[in-house]
Amino acid sequence: MQNFLNRLRGPKTGETQPSPAAPVQQEMAALLETAATALEQHYYDTALETYQRGLSLSRATKDRVNEERFLNGIGATYVAQENYSEARPIFDQALALAHDLHDARSLARSLNNMGSLYAQKGEWGTAQTYHQQALDAARETGNSEVIALMLENLANDYLSQDNPSYAQHLLKEAVVLTQAGQQPALAARMVGKLAEATLVAGDRASGYKLLQQAVYLAQRAGEEQQLLRWLRMLAQLEMESRNYSQAVEHYQAAENLALRQGNQPQEFFMNSALDLSLAYQMTGNTAQAEEYATRALAQARSGGNASQAATALIRLGLAAYATGEYARAQRLLDEALEYYKNGSLSDADGHLQILLTLGNLYLRSRQPQAALDAARQALDLARSSENEARTAEALHLLGNLTADIGDLSKALEYWQQALDRLPDDAYPQRAQLLCDIARMRKANGDFKTALDDYEKALRLLNQINHPPTRGLVLSNAATLYTDLGDIDTAQAFYEESIQIARDTGDPHAESLRLGNFGWFYNLTGRPQAALGKLEAALKFSRQLDDKLMIAVQSNNLGRTYFLLKDYETARNLHQQAIAAATALGDDRWLALFQADMGETMVALERLDEADALYRSAIDKSTATRDQETQVRAQARLAALDVQRGALDEAAALADAAESMSRRMSYRKGLADALAVLGDIADRRGDERLAHYRYDEARRLYTILHDPAAKRFEALVADVG
């Protein structure tokens, strides 16, 4: 908002002020001060009535100097009320009077206020003309305060006409003047304005430093209103730079300052609550995010502000979604969506955020058709509003949906389209997409490219200050590092990602990561350590009523009990997992569960049942293109065939598993296939080939820290 100059005092040029002031002069000075204060605090009726009383008094006493001041005050009040038709003739009178007075200060004030009238109306060219004349008059006064204020308004005109460079030029002069004139409050303001212009010009680094300086100067000068403004601007800049913890600090400092002042309108605290809610959400502090969103919603409803109420509902919905309260999240988001359906709101971005969150919610709660509908609506709306960032989000969601139903190539296509639409500095979104792409490449058997994608995502963490994204990347990368045998890195990643899930209050992520950590312990021969992790993961999944995750964790526990040689408990847990996957119609997971249960049935010497499970797993994993499970099931069925003496059938399966594992760079699958091929060679009496196969398997198991390596050390020694 442009400045209207109502407090500038001082005698006419070349005159001295009488001392002591006459009583009538004291009364007019008091009226000017009272009216200016009322105007600043938005008590427009009081300001107007007080200025008019002063105008009558100045005219009665023929005090033309104060008459000009009261006229300018009346005009400024009319502008604040957006009553421009009343303001213009008042300013005309003030300007004519200023010319008659031949007083540079009065002329600067009147010209400035006329310019600010046009600025308020958005007529920037006319505003600039008057403000330039005001600056010329101000320079004649030699008063640094007057000149600086004129420079500020003229700079605002240039900023509004997309000329930030010249605005910077003007504001730099204002900063020098106010610092040389030892005017700390005004200097803080001019440094802050220069920061704004610098940011508009695209120099974020310099703008950031200037904002920090403005905060420091405002604190030193005790200028609380300025401090409030620059703190909030600095917080917004931190949000844009994804420095969410620093943003929380600045927003919180601004709110605490406003509470001490006690003079901010309700709308300030409503906006502050929404800003804090978003900042806390981005740090992963869901509880605080929900607390502030709840406050904002109450304030928005109290004030009848539909836009802010919808935003608060979205924040609450996101918080509920993050903590796994899907039913509550859906209710809140549906309520927010009603504002758009009934036409109360029409902004595309808020509408898109609701649709995308609902789409992800439906995906997690196993409502594929509802998720698909929301994703398609979001994609259509994002494209029609030419919002590339939201288009990328919609494509990401569609990729997740198609991956969930087993169309892996289509999922990769959607994700690649999403990645292509994101700007280079969209670090969290790019990292999340890279993880999804890597996970799918790994499932497709392309371990090498998957590793490249995970490493790209890990490098992006250097640019990200967002714990949930960090946890996601680390936990995803840990699964591949486990398969590659880098167990120290994998364990460190698992532990940090689990702690992030706990710190951010995300039980869904904690459940998934605990389950993966338990799986890691099983793979590396530590089933007793796995037990506690998997039981905790299963407990979380049951609390969330996530049926698929309950099945996954039950199967992982079954695998643990298999390794502990408690085969009946293992069989019961595998059966529960298979029943759940069958009910959900999820063939991808069903194949994995069947492959794991097959080994348990072999241990129970129920070989025919194991055979049927392995063959079903091979068929289903082939259909869903899950090559990891396919290799695993083929190697296990081959081992069963060796046990039954069907060496030709075993060799065909093991050869296929070996070939696929080598192509995938899948070390665990390759080791399992080589172990069976060694057994086949041994059964056929080819000790040399058996030794070669066993030794290669031993080497891979050793890299993977798999306890099976010990068995092959003995076999290699025997054969050798």
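In this text the structure is predicted, and so the values were computed from the model without any measurement.
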Asks: Does one side chain, of Q491 or E495, offer a donor that lies under 3.5 Å from an acceptor on the other?
Replies: yes
Asks: Take atom OH of Y216 as the centre, draw a 6.0 Å sphere, and report whether it contains more than 12 heavy atoms from other residues, nucleotides or ligands.
Replies: no
Asks: Decide if atom NZ of K456 counts as having more than 12 heavy atoms of other residues, nucleotides or ligands within a radius under 6.0 Å.
Replies: no
Asks: Would you check if L149 and R189 make a side-chain contact, meaning some heavy-atom pair closer than 4.5 Å?
Replies: yes
Asks: How close do A457 and A431 get, heavy atom to heavy atom, and via which atoms?
Replies: CB-O, 3.9 Å
Asks: Starting at CG of L381, measure out to NE2 of H351 and round the result to the nearest 0.5 Å.
Replies: 6.0 Å
Asks: Do L177 and L151 come close enough that some side-chain heavy atom pair is under 4.5 Å?
Replies: yes
Asks: Between S277 and A273, is there a donor-acceptor pair closer than 3.5 Å when you use the side chain of the first and the backbone of the second?
Replies: no
Asks: Would you find more than 12 non-hydrogen atoms of other residues, nucleotides or ligands less than 6.0 Å from R220 atom CZ?
Replies: no
Asks: Under 3.5 Å, is there a donor on one side chain and an acceptor on the other for Q261 and Q225?
Replies: yes
Asks: Salt-bridge test for R139 and D136: reply yes if a basic N is under 4.0 Å from a carboxylate O, no otherwise.
Replies: no
Asks: Should the ring pair Y118 and Y130 be called parallel, tilted or perpendicular, given that the plane angle runs from 0 to 90° and is split at 30 and 60?
Replies: parallel
Asks: Looking at F268, is its backbone amide N or carbonyl O close enough to the side chain of S272 to form a donor-acceptor pair, meaning the two atoms are under 3.5 Å apart?
Replies: no
Asks: Please check: side-chain N/O of R105 versus main-chain N/O of V146, any donor-acceptor pairing under 3.5 Å?
Replies: no
Asks: Just by distance, with hydrogens left out, do S116 and H131 show a side-chain donor and acceptor under 3.5 Å apart?
Replies: yes
Asks: Can you tell me how far CG of L234 sits from CD of E249, rounded to the nearest 0.5 angstrom?
Replies: 10.5 Å
Asks: Are a donor atom and an acceptor atom from the side chains of N271 and Q308 found within less than 3.5 Å of each other?
Replies: yes
Asks: How many angstroms lie between atom CG of L363 and atom CG of L358, to the nearest 0.5 angstrom?
Replies: 12.5 Å
Asks: Working to the nearest 0.5 angstrom, can you tell me the gap between E173 CD and E152 CD?
Replies: 13.5 Å
Asks: Without hydrogens or angle criteria, can the side chains of D349 and Q353 be said to hold a donor-acceptor pair below 3.5 Å?
Replies: no
Asks: Quick test of your reading of the model: are R232 and D275 salt-bridged, counting only N-O distances below 4.0 Å?
Replies: yes
Asks: Answer yes or no: is there a side-chain heavy-atom contact under 4.5 Å between Q416 and L419?
Replies: yes
Asks: Not counting sequence neighbours, list each pair that qualifies as a side chain to side chain donor-acceptor pair (under 3.5 Å) and has a residue in residues 175-186.
Replies: S144-Q183
Asks: Distance only, no hydrogens: is a donor on one side chain within 3.5 Å (strictly under) of an acceptor on the other, for Q161 and D157?
Replies: no
Asks: Output the distance between atom OH (Y251) and atom CG (L276), rounded to the nearest 0.5 Å.
Replies: 8.0 Å
Asks: More than 12 non-hydrogen atoms from neighbouring residues, nucleotides or ligands closer than 6.0 Å to CG on N462, yes or no?
Replies: yes
Asks: What's the verdict on side chain to side chain donor-acceptor pair (under 3.5 Å) for E238 and Y208, showing C-alpha distance, side-chain angles and the deciding distance?
Replies: CA-CA 9 Å; E238 298 285 19; Y208 179 77; 2.7 Å; yes
Asks: Tell me the closest heavy-atom pair linking A108 and M150, and the distance in Å.
Replies: O-CE, 3.6 Å
Asks: Would you check if there is a donor-acceptor pair between the side chains of Y340 and D347 at a distance under 3.5 Å?
Replies: yes
Asks: Decide yes or no for R301 and L313: does some side-chain heavy atom of the first lie under 4.5 Å from some side-chain heavy atom of the second?
Replies: yes
Asks: Are any of the side-chain heavy atoms of L434 and W415 separated by less than 4.5 Å?
Replies: no
Asks: Looking at Q377, R390, H396, which hits side-chain contact (heavy atoms from CB on, under 4.5 Å) with L356?
Replies: R390
Asks: Tell me whether the count of non-hydrogen atoms from other residues, nucleotides or ligands lying under 6.0 Å of CZ in R376 goes above 12.
Replies: no
Asks: Would you say the side chain of W230 lies within less than 4.5 Å of the side chain of E196, judging by non-hydrogen atoms?
Replies: yes
Asks: Taking the side chain as C-beta and beyond, is there a heavy-atom pair between Y481 and L451 under 4.5 Å?
Replies: yes
Asks: Is any side-chain heavy atom of N516 closer than 4.5 Å to a side-chain heavy atom of S497?
Replies: no
Asks: In Å and rounded to the nearest 0.5 Å, what is the NZ to CG distance from K172 to L194?
Replies: 6.5 Å
